[in-house]
Amino acid sequence: MEKTYQPQSIETNWYQTWENNGYFKPSGEGNPYCIMIPPPNVTGSLHMGHGFQESIMDALIRYHRMLGDNTLWQVGTDHAGIATQMVVERQLDAQGISRHDLGRDKFIEKVWEWKEESGGTITQQLRRLGASPDWSRERFTMDDGFYKAVQEVFIRLYEDGLIYRGQRLVNWDPKLHTAVSDLEVLSEEEDGHMWHFRYPLTDGSGELVVATTRPETMLGDSAVAVHPEDERYKDMIGKTITLPLVGREIPIIADDYVDMEFGTGCVKITPAHDFNDYEMGQRHGLPLYNIFNDDAAINNEAPVKYRGLDRFDARKMVVEDLDALGLLVKIDPHKLKVPRGDRTGVVIEPYLTNQWYVKTQPLADEAIKAVEDGDIEFVPKQYENMYFSWMRDIQDWCISRQLWWGHRIPAWYDEEGTPYVGRSEEDVRKKHNIPESVALKQDDDVLDTWFSSGLWTFGTLGWPEQTEMLKTFHPTNVLVTGFDIIFFWVARMIMLTLHFKKEVPFSTVYVHGLVRDNHGQKMSKSKGNVIDPIDLIDGIDLESLVQKRTAGLMQPRMREKIEKQTRKDFPDGFTPYGTDALRYTYYSLASTGRDINFDVGRIEGFRNFCNKIWNASRYVLMNCEVQDEQGNRIEAQDCGQTGSSDYELSVADRWIISKLQLAEKAVAEGIESYRFDLASQALYDFIWNEYCSWYLELSKPVLNSDDFSAAQKKGTRRTMVRVLETTLRLAHPLMPFITEEIWQRVKDLAGTEGDTIMLAAMPICDDSLIDEQAMADVEWLKGVIEGVRNIRGEMNISPAKSIPLYFANGSDNDQRCLNANTQFLQKLASLESITWLNAGDEAPMSATGLVGEMEILVPMAGLIDKDAESARLNKEIDKIKKDAQRVEGKLNNPKFVDKAPEAVVQKERDKLADMQSALGKLEEQLVKIAAL
RNA sequence: AGGACUAUAGCUCAGUUGGUUAGAGCGCUACCUUGACAUGGUAGAGGUCCCCAGUUCGAAUCUGGGUAGUCCUACCA
């Protein structure tokens with residue numbers, strides 16, 4: 001074994017082996033356990049959020065697999081309609097080709113080509129993380145099976161009356177020329193203006209002043225509204241306005257919706273271009289004047305002068321023209337929320353079109369009930385509120401998209417535009433008796449990507465066929481996801497699955513937080529703070545990192561800033577930390593679903609942890625094997641065969657076995673409650689602070705001294721290697737690579753068999769192996785050693801210097817412990833001699849420490865400076881005094897003594913007695929020292 | 001506007017049903033190349049648990065009110 005842990009040399013090999021041997025497939029035995037991967041975009045690449053999410057899923061999967069469950073991690077990718085189409089369009093754009101030049105079929109061919117070419121990126125990156133899904137079952141949301149499922153779902157929903165086609169306002173993306181759902185629109189506050197215009201009454205009796213943030217829409221006004229109670233305008237209700245620039249005569253109407261306090265109290269109403277106005281238009285039977293075309297440029301409904309103008313140019317011209325007519329009152333600066341497409345960033349228009357909708361209310365009712373009844377549980381719980389509030393106020397879901405890449409809508413139109421829904425043109429003709437003479441044309445639109453991903457849990461398992469996989473693994477156990485797609489995906493999966501499967505898609509939704517940078521900032525390309533998980537695994541030099549972060553940035557100023565920041569934050573780039581360290585970092589930060597701030601400093605600590613495990617294993621092997629000079633095994637030593645009894649277990653052996661049980665319990669509890677931070681913490685603590693720091697140190701005197709028998713040595717070797725082997729299995733779900741690498745070398749020494757640690761048994765806490773006496777005895781030993789080390793440390797006694805140690809005021813138990821642990825003490829505290837003082841024995845002048853009631857003494861002669869020891873004692877005395885005062889105060893308070901439970905009071909009394917006794921001893925000692 | 005969440009060591013975070021001497025990792029200080037490991041060891045410093053009030057014998061923990069931050073939902077032209 002190498003002297004230090006080198007992750008890159010072991011990771012890819014093991015992954016290959018696992019995958020090639022089919023270890024990721026369900027075993028076919030045991031309780032089913034299934035997780036569906038949230039399918040990443042097929043053309044995407046791995047970011048920190050994926051890394052976090054996949055690491056969590058992989059830990060759960062590996063844990064359950066090792067528990068013996070029939071474990072399936074279903075993997076696949078999403079066709080991601082808009083995102084993918086945009087990527088390919090951008091590429092074509094670079095060659096000066098538009099998708100319209102190619103035509104639909106050719107374009108789609110191009111997208112498939114692109115998918116073949118780059119679709120493997122993310123799945124390869126998933127492998128680098130050590131993820132263990134069943135790749136043989138990999139799916140794609142546009143593969144044949146999914147096509148069938150999507151069709152079936154659409155048709156059945158249509159037949160159930162839950163899908164309809166309707167004309168209404170939608171969110172229109174003028175760049176993509178498609179409708180998008182409410183969720184795909186992001187509204188941010190931006191600086192804008194409020195324009196005030198005069199609208200003259202037709203009869204010349206006066207005018208109204210309206211305020212608007214969107215002057216160009218006045219070309220489509222069909223009314224002006226005021227509040228019915230508004231005294232200022234009461235008389236004008238029912239009169240008409242002659243709309244400037246257009247010349248249309250439009251009514252002044254009264255509606256409660258108008259806020260008298262806001263602006264002038266008069267609202268221009270443009271039903272075709274505003275959601276609220278649309279509603280009002282419906283209430284008052286107002287006509288709709290659609291003044292835009294698909295590009296959001298002015299169409300022929302508007303006066304000739306404005307036709308063909310872009311909406312923003314039109315705005316300018318309208319304002320200028322109104323000003324020229326003396327109708328512009330004023331322009332105020334105004335902050336307003338501007339709706340933008342989440343993909344394109346352009347301003348979204350409310351636009352009147354025909355679209356397909358899912359009637360969500362009936363589906364949502366069931367979906368709410370499933371969570372209310374506890375059939376689905378969110379972890380953490382508070383996300384259920386978010387879910388409920390959205391579901392209870394859900395709008396119909398616009399599912400058609402005017403894109404080319406996606407699932408084509410299974411609807412055909414005759415020449416009158418009547419839609420017929422069916423599996424194919426033939427099917428439609430048969431169902432509706434449409435003769436060949438009538439031409440049918442399939443709907444050009446495709447379905448919202450989330451419509452197909454909503455079928456993910458059952459679509460991937462073979463539905464609509466009743467497959468064995470479907471029967472075995474559905475409903476799945478847990479969905480691991482971010483809160484940002486609860487509405488997009490989780491809610492819709494629940495609705496669609498309940499409707500079609502009559503069962504929930506999963507029983508638990510584990511919602512994790514967002515991965516941010518170390519300052520709590522969202523990672524984004526434009527901020528230049530993105531960290532690629534692969535770079536953490538493989539390492540990256542500073543120049544490449546700077547290059548990566550600044551590539552493709554538009555503004556040179558940002559570029560400079562990002563470069564500077566990067567050089568400052570990571571002057572050496574990243575060294576290769578390896579997958580296991582990265583994963584461990586994620587786990588350590590995965591607490592209660594809150595966002596995590598990823599600090600690169602932490603990963604280094606866990607890389608060191610890997611190194612610790614590595615070297616501890618080297619030490620164990622060194623003692624359990626006869627090795628050549630390179631450290632290769634020549635032969636195994638006898639580590640106590642399974643079933644043999646020619647060995648003895650020491651207190652230390654029984655202690656570490658006990659501690660191992662507790663660690664097993666803590667890890668299991670952590671994983672099962674999705675507290676990976678607690679699981680990883682417990683494991684870290686056990687391995688580093690108990691196994692390495694104490695147990696392996698305690699093994700040294702046994703193995704290196706002739707004072708111990710062959711049976712004792714064997715007992716130690718046996719415990720050492722078996723605890724290591726068990727710990728590796730315990731750690732495997734969190735750190736798959738290093739554990740496999742080492743396990744292969746120690747398994748036979750520990751009497752274990754198996755081809756891979758992946759399929760070995762997860763260790764489970766055995767209470768009968770917990771030895772309270774052994775744990776107490778080792779605590780005693782640790783107390784004495786730490787006491788001596790404290791004196792050494794504070795007195796600046798060289799660790800190389802062997803010192804004598806005296807024990808005073810010890811009990812029978814202390815003496816028993818001492819006798820049992822003499823050699824350990826001698827070695828670990830580096831003692832030259834040990835002397836037990838009975839009552840009345842004269843003690844030399846010493847530096848002292850307390851272990852319970854017992855005193856340990858390090859003679860001062862030649863070692864200890866009087867002043868330093870006085871200072872040390874004073875420090876200790878002050879500390880205890882302060883604490884004692886507090887406890888005394890409590891006990892002197894009669895209310896406390898009367899009202900607190902007796903056990904609590906007694907505990908305080910005991911505490912005080914201990915402190916007083918300690919104080920007495922220390923003070924006595926201080927006097928002695930001072931008298932020198 | 002409504003709602004959720006967060007505030008604990010210099011930094012990133014734990015802290016179970018109110019009873020601890022409030023913890024961990026990193027960083028910091030001093031010492032140490034001892035035979036697994038300097039990606040290491042030993043010892044240590046470091047906290048007004050955001051503020052105020054309340055409940056209680058007792059509050060980091062419960063209640064109310066503030067302050068600051070993050071996020072979600074809905075939005076007034």
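These numbers come from a predicted model, not from an experiment.
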Between B/A14 and B/G2, how far apart are the two P atoms, rounded to whole Å? 29 Å
Within the 4.0 Å heavy-atom criterion, would you say A/P894 contacts the bases, only the backbone, or no part of the nucleic acid? nothing
Side chains of A/D878 and A/N874: do they bring a donor and an acceptor to under 3.5 Å? no
Check against salt bridge (Lys or Arg N to Asp or Glu O under 4.0 Å), A/K881 and A/E888: CA-CA 10 Å; A/K881 264 190 181 159; A/E888 231 166 346; over 6 Å; no
Charged N to carboxylate O below 4.0 Å: is that the case for A/D883 and A/R886? yes
Just to be sure I understand the rule, does A/V258 reach a base, reach only the sugar-phosphate, or reach nothing, if contact means heavy atoms closer than 4.0 Å? base
Result for ring-ring contact (aromatic ring centres under 6.0 Å, His included) between A/F606 and one of A/Y586, A/Y587, A/Y584 points to A/Y584
Contact summary for A/S187 and A/P339, nearest pair of heavy atoms: OG-CA, 3.7 Å
Considering only the P atoms, how many Å lie between B/U63 and B/A45, rounded to the nearest integer? 36 Å
Pairing of RNA chain B as dot-bracket, 5' to 3': ( ) intra-strand, [ ] crossing, | other strand, . unpaired, with Watson-Crick or G-U pairs under 3.5 Å? (((((((..((((.....[...)))).(((((.......))))).....(((((..]....))))))))))))....
Any chance the rings of A/Y383 and A/F378 have centres within less than 6.0 Å? no
Using a cut-off of 4.0 Å on non-hydrogen atoms, how would the nucleic acid contact of A/K882 be classed: base, sugar-phosphate, or nothing? nothing
Holding to side chain to side chain contact (heavy atoms under 4.5 Å, CB included), I want the full list of residues that pass it with A/Q885, two or more places apart in sequence or in another chain. none
By the 4.0 Å heavy-atom rule, please label A/H196 as base, sugar-phosphate, or nothing. nothing
Assign each of A/R886 and A/L696 to its nearest nucleotide of RNA chain B by heavy atoms, then name whichever residue's nucleotide is nearer the 5' end. A/R886
Can you check the distance between B/G54 and B/A68, where both ends of the measurement are the P atom (answer in whole Å)? 24 Å
Go through the structure and list residues passing ring-ring contact (aromatic ring centres under 6.0 Å, His included) with A/Y199, not counting sequence neighbours. none
Work out how far the C1' atom of B/U56 is from that of B/C28, and round it to whole angstrom. 40 Å
Contact boundaries of RNA chain B with chain A (under 4.0 Å, heavy atoms), 5' to 3'? B/C5 to B/A77
Touch class at under 4.0 angstrom, heavy-atom based, for A/N893 against every strand present: sugar-phosphate
So what does A/N790 hit on the nucleic acid, given a heavy-atom distance under 4.0 Å: a base, only sugar-phosphate, or nothing? sugar-phosphate
Could you check whether A/K335 gets within reach of a base, just the sugar-phosphate, or nothing at all, counting any heavy atom under 4.0 Å? nothing
Residues within residues 596-604 of chain A bordering RNA chain B, heavy-atom distance below 4.0 Å: A/N597, A/R602
A/H512 and A/F52 aromatic ring geometry - parallel, tilted or perpendicular at 30°/60° bounds: perpendicular
Whole-angstrom distance between B/U61 and B/U55, as gauged at atom C1': 14 Å
Using a 4.0 Å heavy-atom cut-off across all strands, classify A/R214 as base, sugar-phosphate, or nothing. nothing
Please give the distance between the P atoms of B/C13 and B/G46 as a whole number of Å. 24 Å
Using a heavy-atom cut-off of 4.0 Å across all strands, would you classify A/R392 as base, sugar-phosphate, or nothing? nothing
Side chains of A/Q906 and A/D910 only: does a donor on one sit below 3.5 Å from an acceptor on the other? yes
NA contact type, A/R516, heavy-atom cut-off 4.0 Å: base, sugar-phosphate, or nothing? sugar-phosphate
Gap in Å between the two P atoms, one belonging to B/A77 and one to B/G18, rounded: 48 Å
Excluding sequence neighbours, so at least two apart, what forms ring-ring contact (aromatic ring centres under 6.0 Å, His included) with A/H284? none
Run the salt-bridge test on A/E869 and A/R872 with the 4.0 Å N-O cut-off and return the result as yes or no. yes
NA contact type, A/K337, heavy-atom cut-off 4.0 Å: base, sugar-phosphate, or nothing? base
Between A/D182 and A/A211, the residue closer to the 5' end of RNA chain B by nearest nucleotide is A/D182
Pick base, sugar-phosphate or nothing for A/N276, based on heavy-atom distances below 4.0 Å to the nucleic acid. sugar-phosphate
Quick one: label A/E669 by what it contacts on the DNA or RNA (base, sugar-phosphate, nothing), any heavy atom closer than 4.0 Å. nothing
Run the salt-bridge test on A/R214 and A/E349 with the 4.0 Å N-O cut-off and return the result as yes or no. yes
What's the gap between B/C49 and B/G41 when it is taken at their P atoms, as a whole Å value? 32 Å
Would you mind classifying the nucleic acid contact of A/C692 as base, sugar-phosphate or nothing, using non-hydrogen atoms under 4.0 angstrom? base
